[in-house]
Amino acid sequence: MTMTYSQDFLFMENGTSVPLQNIPEMEFSLFRDKILSMMDICRTEAFFALPDGEKGRYDLFIILADAAKKGFLLAKSKVKDSFLSLTSSHASFNRFEREIMEKYPDLKAEAHPNAKPLRFPGKEQETGVMDYFTMQGDAVHEVAVGPVHAGVIEPGHFRFQCMGEKVYSLEISLGYQHRDLENMLVNGPAGAMRHLVETAAGDSSIAASINYSRIMESLCDIKADEEAEKTRQFALELERIANHIGDLGALAGDVAFLPTASFCGRIRGEYLNMTAELCGNRFGRNFVVPGGIRYGVDKEMAQKLLPKVKKVSRELWKALALMFNAPTCLDRFENTGRVSLETAKALGLTGMAARACGIKCDARKDFPVKEVVSAQCVYEEEFPFQPNGDVLSRALLRFYELKKSHEYLFRYLQELQNAPPCREESLPLKKETLALSVTESWRGELCHVAITDEAGRIQLYKIVDPSFHNWEGLAMALRDEEISHFPICNKSFNLSYCGHDL
Amino acid sequence: MWKALKARLYQGYRTGNFPVKAPPALPERFAGRAEVDQEKCAEYKEVLAEVCPVKAISFSDGKISLDMGKCIFCRKCAEKCEGIRFGKEYRLAAMKREDLIVNNSYYTPPLPQDKSLAKLCGRSLKIRQVSAGGCAACELDFNVLNTLAWDMGRFGIQVVASPRHADCILVTGPVTKNMLLALKKTYEAAPRPVWVIACGACAVSGGLYEKSSQCEEKLEDILKVDLYIPGCPPHPSTILEGIMRLMGKGAGPENK
């Protein structure tokens, strides 16, 4: 057994906060060794720098997700001007280190094997113009796609290196959606903060507002009402359901299986409309707030929603059964866009995409927030099918997640008594404190970290969208794949551009 | 084939009655166009200016006005002051930016003065959508108009893959620096005449990202906008009704 150093890190539970001074500080080479020694049992949840005030001096923070311990391991290290990159030893640090270098040009991750721009902030470099990996040879050709794509979709640039129909490499360059979101959250709490967080990725607004609210609750020492907490989880599962249905329908559309595509397009809308019943907005904006929920949900409303969910879900199962029983669809999905278990682990993939590779991870099970009952995850013990990292696995996994989410919906709607509304108040925040919240959004673990300064203002607000980890997974899924399979590979992940670009 | 036909029968006919036969089915808690009662608002001046996260509320000549183009419909103002009410009016789109400023409670949706689009594309409008920093919510709720629940194709509205085929560019998002060039190129690639639709608070006014250092120019400073659709994100019925009004099909059915 290899030696690990988990006792040298600070252990932290989900949805809590700790004084900054409690986080153990290590000399960088020790810090680096200890992190790398943990990579067999932990996942990189977040890795970021915080300016020290003096030019070129930074505190590096690591947050490792330790599912076995049901919590997170934290440590920090002081560095000046540069530090030795961890990416060459573990690929999951790739984007984190590129982000650090881009955000703080006076801090360099030395010997980073792939130090290319991540979001192209400022105007020093034209967006999307970078040194792409290329192949040489007579039969080789390059396909460039984007930033403006053919459908109604966000912008990103894709470079395929192909020989005939076969893709040898796909490199993805993002940053077009970069709005400087994290910097806009500094010095808060200000009135627009929660709204900004909700628009980090518009299809995961509920997960984001749950994280934000938990962080604020923990920094202000307030607690959400128990029924309101269940209602938040209800909204979160509605969000998951709507997105999974949309993507399964889109997958059907991409293999020209039109019945399921059209049924799902309509059924997804029914779930968005249910979210709108809660708060008036189809994406759940302004529903979850620090302290609870902004609009109350009572027994009467639950009784109204229950038959709706029953009816629509029956239609949903029929629409999906049609696709999963059609050999033409299965043939396209099976063994397409495979990501191996080893690759998924090395890249630190998260959520649904990781589970489809056979990794047993789900923040609802791994990092429970005290006293919060959430929906069950798909593999309580075993997976209901053999996941092998292909498009079919991702599709099937979404199908089983839909089943689990519905179980929660029914339970909630039957049991709910009264979840009262709550007014948003601005309370003073704890000083020099780090707060952390991780929520299993429909794509995977969405991580928010906030650090306050000596005056109790937000000094740093870090958002790690699941897409930040998973974009690399999509690139790997395309290796040795036919280029015509790109749309279904892409849909099976359906990653966020704005959540990555922030 | 039989399975598919059986499923089709089971799922039934699902295209909604909006906008042909009825106003849209909106949720109880829907927030539409605001109504302002000046008298009731008078004593809340300071509170209202303070409470709005996007500074959509302003004062001039002792009158308060609310800019629907900036508004994200969070309703914090209505929570503080009963003089502001967000009704069920979903027909928010306007052809002129100033028509989005609300300072009373009377409203009829404005009709296009420039009839050129109605004349040329009133029965067939091809739209190229460009997301320029949008959070994907506007994109998603525009995209649902393609589903059979809304079926905008029956009115001749269609999304096209290339700007070369487009009559109209629909922009979402606050226009990030990084998308500026791609947006301009897309616009240039479309054959003339070309119309521009700003969809969502960000595209209309910058919205939440008005002050972002990475979103310097507003859409209306870059391209002439022919239709403003407010909302964060706008409800699909708001988008569809706005586009149809621009196409000269008149205002959508009133929600009573």
Side-chain angles (χ1 to χ4, degrees), chain A residues 119-123 126-128 147-148 150-155 175-181 183-184 190-192 195-196 198-203 205 246 259 262-263 265-266 268-269 272-273 276-283 285-286 295 315 318-319 322 325-326 423-424 496-498 501, chain B residues 3-4 7-8 10-11 14 25-31 50-54 72-76 79 128-144 146-149 159 161-163 173-174 176-179 181-182 185-186 208-209 211-215 232-233 235:
Chain A
R119 298 182 178 123
F120 300 89
K123 262 289 164 212
E126 199 62 71
T127 319
V148 179
V152 180
I153 180 176
E154 294 174 74
Y176 296 94
Q177 301 281 69
H178 180 51
R179 295 145 290 162
D180 206 23
L181 176 60
N183 281 333
M184 291 176 78
H195 306 291
L196 283 166
E198 283 180 342
T199 57
D203 51 19
S205 288
S262 2
F263 302 153
R266 192 272 303 178
R268 169 179 170 270
L272 292 178
N273 288 341
E277 290 295 332
L278 301 178
C279 60
N281 185 293
R282 286 161 46 98
F283 297 92
R285 301 276 170 84
N286 299 303
Y295 303 96
E315 291 161 358
K318 293 221 175 180
L322 195 64
N325 284 313
R423 282 239 172 158
E424 235 176 322
S496 172
Y497 299 73
C498 50
D501 292 346
Chain B
K3 274 186 196 160
R8 172 66 186 81
Y10 175 79
Q11 300 283 344
R14 294 296 186 163
L26 296 169
E28 252 326 279
R29 292 171 175 174
F30 179 78
E50 189 72 12
V51 78
C52 183
V54 282
I72 55 167
F73 299 82
C74 71
R75 291 165 275 177
K76 281 179 180 164
E79 223 168 53
R128 173 63 255 187
Q129 190 268 339
V130 180
S131 171
C135 73
C138 286
E139 289 81 346
L140 288 168
D141 260 357
F142 170 61
N143 219 3
V144 298
N146 264 324
T147 66
L148 50 87
V159 178
S162 166
T176 55
K177 273 185 186 174
N178 290 352
M179 264 309 280
L181 180 66
K185 280 188 175 176
T186 307
L208 281 162
Y209 295 94
K211 297 260 152 62
S212 162
S213 65
Q214 294 291 312
C215 311
C232 187
H235 193 269

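The model shown is predicted, which means the values in this text are computed figures rather than measured ones. Letters go in sequence order (proteins before strands), and every chain restarts at 1.
- The NE2 atom of A:His178 sits 7.0 Å away from the CG atom of B:Asn178 when rounded to the nearest 0.5 Å.
- Using a 4.5 Å cut-off between heavy atoms, B:Leu208 touches chain A through backbone and side chain atoms alike.
- Neither the backbone nor the side chain of B:Lys185 comes within contact range of chain A; no heavy atoms are under 4.5 Å apart.
- Rounding to the nearest 0.5 angstrom, the gap separating the CD atom in A:Glu424 from the SG atom in B:Cys74 is 8.5 Å.
- Ranked by heavy-atom pairs under 4.5 Å with chain B, the list A:Gly175, A:Gly269, A:Gly246 is led by A:Gly175.
- Looking at B:Leu181, the atoms closer than 4.5 Å to chain A (heavy atoms on both sides) all sit in the side chain, from C-beta outward.
- With a threshold of 4.5 angstrom between heavy atoms, A:Ala319 approaches chain B through its backbone and through its side chain.
- Neither the backbone nor the side chain of A:Tyr497 comes within contact range of chain B; no heavy atoms are under 4.5 Å apart.
- Counting heavy atoms from C-beta on, the side chains of A:Pro259 and B:Arg8 never come closer than 4.5 Å.
- Neither the backbone nor the side chain of B:Pro163 comes within contact range of chain A; no heavy atoms are under 4.5 Å apart.
- With a threshold of 4.5 angstrom between heavy atoms, B:Arg75 approaches chain A through its backbone and through its side chain.
- When all heavy atoms are compared, the tightest approach of B:Lys76 to A:Gly191 is NZ-O, 3.2 Å.
- B:Cys52 does not touch chain A: none of its heavy atoms, backbone or side chain, sits under 4.5 Å away.
- With a 4.5 Å cut-off on side-chain heavy atoms, A:Phe283 and B:Asp141 count as touching.
- Looking at A:Leu196, the atoms closer than 4.5 Å to chain B (heavy atoms on both sides) sit in the backbone and in the side chain alike.
- For a residue to count as touching a neighbouring chain, one of its non-hydrogen atoms must lie under 4.5 Å from one of that chain's; by this rule B:Glu79 touches chain A with backbone and side chain alike.
- In this structure, the portions of B:Ser131 lying under 4.5 Å from any heavy atom of chain A include both its backbone and its side chain.
- For the residue pair B:Gly134 and A:Gln177, the shortest heavy atom distance occurs at O-NE2, 2.9 Å.
- Proximity to chain A (any heavy atom under 4.5 Å) is restricted, for B:Val159, to the side chain, taken from C-beta onward.
- The shortest side-chain heavy-atom distance between B:Pro233 and A:Arg285 falls under the 4.5 Å cut-off.
- Nearest approach of A:Arg179 to B:Ser212, heavy atoms of both residues: O-OG, 2.8 Å.
- For B:Phe142, the part lying under 4.5 angstrom from a heavy atom of chain A is the side chain only.
- Side-chain polar atoms of A:Thr199 and B:Tyr209 form a donor-acceptor pair below 3.5 angstrom.
- A distance of 9.0 Å separates CG in A:Leu322 from CD in B:Gln11, rounded to the nearest 0.5 Å.
- Contact annotation for B:Ala25: neither backbone nor side-chain heavy atoms come within less than 4.5 Å of a heavy atom of chain A.
- Between the side chains of B:Gln214 and A:Arg119, no donor N or O sits under 3.5 Å from an acceptor N or O.
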